[in-house]
Amino acid sequence: MSATDVILSDASEGIYVYQTSFRISYTNREPVPVQEVIKSLQALQGILPKVPDLIEGWLDVKISHGEFFIESLETGSLIEDILMKLYFANQEELDAFMAKIRSNPMLRNSLAGLALGVLVTWGAMTALGSKTPANQVTIANSTIINVGAQQTGLTPEAFEAVVRQAVGDQKKKVAENAVKLVHPAKADPQAEFQISGTTEPQKADQPVLRMTPEQVAAVPVDVNIQ
């Protein structure tokens with residue numbers, strides 16, 4: 001088990017929880033204004049509820065629900081560390097989930113960040129609506145879809161199908177939150193937007209999603225879908 005994931009199991013209390021931390025980073029050279037930080041956190045709050053749905057679909061496990069907490073917030077080059085708790089109905093379902101992620105250490109170290117990263121790139125591409133998708137956004141989305149498919153053992157088509165099912169009729173909401181989450185990085189033409197599957201110092205600098213300055217610039221500001 002990595003330093004950033006923990007199993008909280010207490011049969012007498014009916015508690016079966018897996019928790020882990022992941023990181024969102026903006027590499028802006030100047031401090032991010034407070035209002036932009038607030039908007040990014042609001043966008044994060046709007047998009048995170050879909051993360052457990054993606055994990056459930058990709059791993060074919062049953063998750064009762066998820067909870068998310070701000071573990072730490074660093075200003076300057078903005079860093080947001082997020083704590084995720086996944087709740088299970090019983091020990092058997094928690095064990096089934098653990099068996100899946102223990103069989104793939106790479107997936108275990110990136111699972112929550114991977115799910116959020118897929119939602120961000122998929123939402124950003126969806127936000128373009130009827131416009132021809134910007135090449136840089138398409139590249140970012142295709143890259144993380146292919147990486148995620150490889151890690152979960154699914155085909156890229158099956159992997160993305162889970163995304164579409166999890167998003168359901170909230171496509172516009174996910175798209176709006178995705179572009180808002182990336183937006184603070186747009187203030188600096190050299191800034192990247194990154195999501196790491198862990199907050200461990202030596203691993204957090206190897207993000208599961210790295211949107212280059214060109215890809216950040218290609219993310220739309222407005223959502224052009226109904």
Side-chain angles (χ1 to χ4, degrees), residues 22-51 53-54 68 70 73-82 112-148 159-160 162-197 204 207-226:
F22 60 99
R23 174 169 292 176
I24 302 168
S25 304
Y26 304 80
T27 65
N28 298 47
R29 291 168 294 177
E30 298 293 331
V32 177
V34 171
Q35 62 267 30
E36 288 295 323
V37 177
I38 292 172
K39 288 179 182 178
S40 77
L41 291 175
Q42 289 174 333
L44 186 62
Q45 183 181 29
I47 206 169
L48 282 175
K50 295 298 181 185
V51 167
D53 296 336
L54 293 188
F68 299 87
I70 300 296
L73 184 65
E74 295 182 25
T75 55
S77 291
L78 180 61
I79 297 175
E80 301 168 358
D81 285 349
I82 312 300
L114 175 66
L116 180 60
V118 168
L119 287 167
V120 169
T121 59
W122 187 87
M125 196 168 69
T126 301
L128 292 159
S130 59
K131 295 181 181 180
T132 301
N135 187 47
Q136 292 289 346
V137 177
T138 304
I139 291 171
N141 184 62
S142 297
T143 299
I144 196 167
I145 290 289
N146 287 329
V147 168
F159 186 86
E160 189 170 4
V162 174
V163 181
R164 295 182 183 279
Q165 182 176 7
V167 170
D169 61 359
Q170 298 195 30
K171 181 168 65 173
K172 184 176 182 179
K173 180 180 178 182
V174 170
E176 288 173 339
N177 285 318
V179 300
K180 288 177 183 177
L181 189 59
V182 175
H183 191 266
K186 296 175 79 69
D188 183 343
Q190 296 185 34
E192 294 185 351
F193 174 79
Q194 302 177 355
I195 299 178
S196 302
V208 64
L209 171 65
R210 177 190 174 195
M211 295 187 76
T212 66
E214 293 77 16
Q215 291 168 338
V216 168
V219 174
V221 176
D222 299 314
V223 177
N224 299 302
I225 59 176
Q226 299 300 317

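Below, each value reflects all heavy atoms present in this structure, side chains not excepted, and no hydrogens, waters or symmetry copies.
- With sequence neighbours excluded, no residue forms a side chain to side chain donor-acceptor pair (under 3.5 Å) with Asn177.
- Judged as a ring-ring contact (aromatic ring centres under 6.0 Å, His included), and not counting sequence neighbours, the contacts of Phe193 are Tyr26.
- Distance check: Phe159 CZ to Leu114 CG gives 4.5 Å after rounding to the nearest 0.5 Å.
- Minimum heavy-atom separation, Pro184 to Val32: CB-CG1, 4.1 Å.
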Enumerate, atom names and distances included, each donor-acceptor pair closer than 3.5 Å involving a side-chain atom of residues 213-223, sequence neighbours excluded.
{"residue": "Glu214", "atom": "OE1", "partner": "Thr212", "partner atom": "OG1", "Å": "3.3"}
{"residue": "Gln215", "atom": "OE1", "partner": "Thr212", "partner atom": "N", "Å": "3.0"}

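- Taking Glu36 as the reference, nothing meets the salt bridge (charged side-chain N to carboxylate O under 4.0 Å, His left out) condition, with sequence neighbours excluded.
- Considering every non-hydrogen atom in both Ala187 and Pro189, the closest pair reads O-CD, 4.0 Å.
- In this view, Asp53 satisfies the side chain to side chain donor-acceptor pair (under 3.5 Å) rule with no residue, not counting sequence neighbours.
- For Gln190, the side-chain contact (heavy atoms from CB on, under 4.5 Å) partners are Arg29, Asp188, not counting sequence neighbours.
- A side-chain contact (heavy atoms from CB on, under 4.5 Å) with Asn141 is found for one member of Leu209, Thr121, Asn146, Val120 and no other, namely Thr121.
- Side-chain contact check for Ile82 versus Ile70: some heavy-atom pair is nearer than 4.5 Å.
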Trace of the side chain to side chain contact (heavy atoms under 4.5 Å, CB included) decision for Leu78 with Val37: CA-CA 8 Å; Leu78 180 61; Val37 177; 4.0 Å; yes
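- Counting only heavy atoms from C-beta outward, the side chains of Val208 and Phe22 never approach each other to under 4.5 Å.
- More than 12 heavy atoms of other shown residues, nucleotides or ligands fall within 6.0 angstrom of atom NZ in Lys186.
- Looking at residues two or more places apart in sequence or on another chain, you find a salt bridge (charged side-chain N to carboxylate O under 4.0 Å, His left out) between Glu192 and Arg210.
- When all heavy atoms of Ala124 and Ala178 are compared, the pair lying nearest together is N-CB, 3.8 Å.
- Heavy-atom neighbours of Gln35 CD from other residues, nucleotides or ligands within 6.0 Å: above the threshold of 12.
- The side-chain contact (heavy atoms from CB on, under 4.5 Å) test applied to Gln170 returns Lys50, Lys173, not counting sequence neighbours.
- Between Leu119 and the options Val167, Leu181, Ile195, a side-chain contact (heavy atoms from CB on, under 4.5 Å) holds for only Val167.
- Taking CD1 of Ile47 as the reference point, atom CD of Glu176 lies at 11.0 Å (rounded to 0.5 Å).
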Please lay out, stage by stage, how Leu73 and Ile79 fare under the test side chain to side chain contact (heavy atoms under 4.5 Å, CB included). CA-CA 6 Å; Leu73 184 65; Ile79 297 175; over 6 Å; no
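- Not one N or O on the side chain of Ser142 forms a donor-acceptor pair closer than 3.5 Å with the backbone of Ile139.
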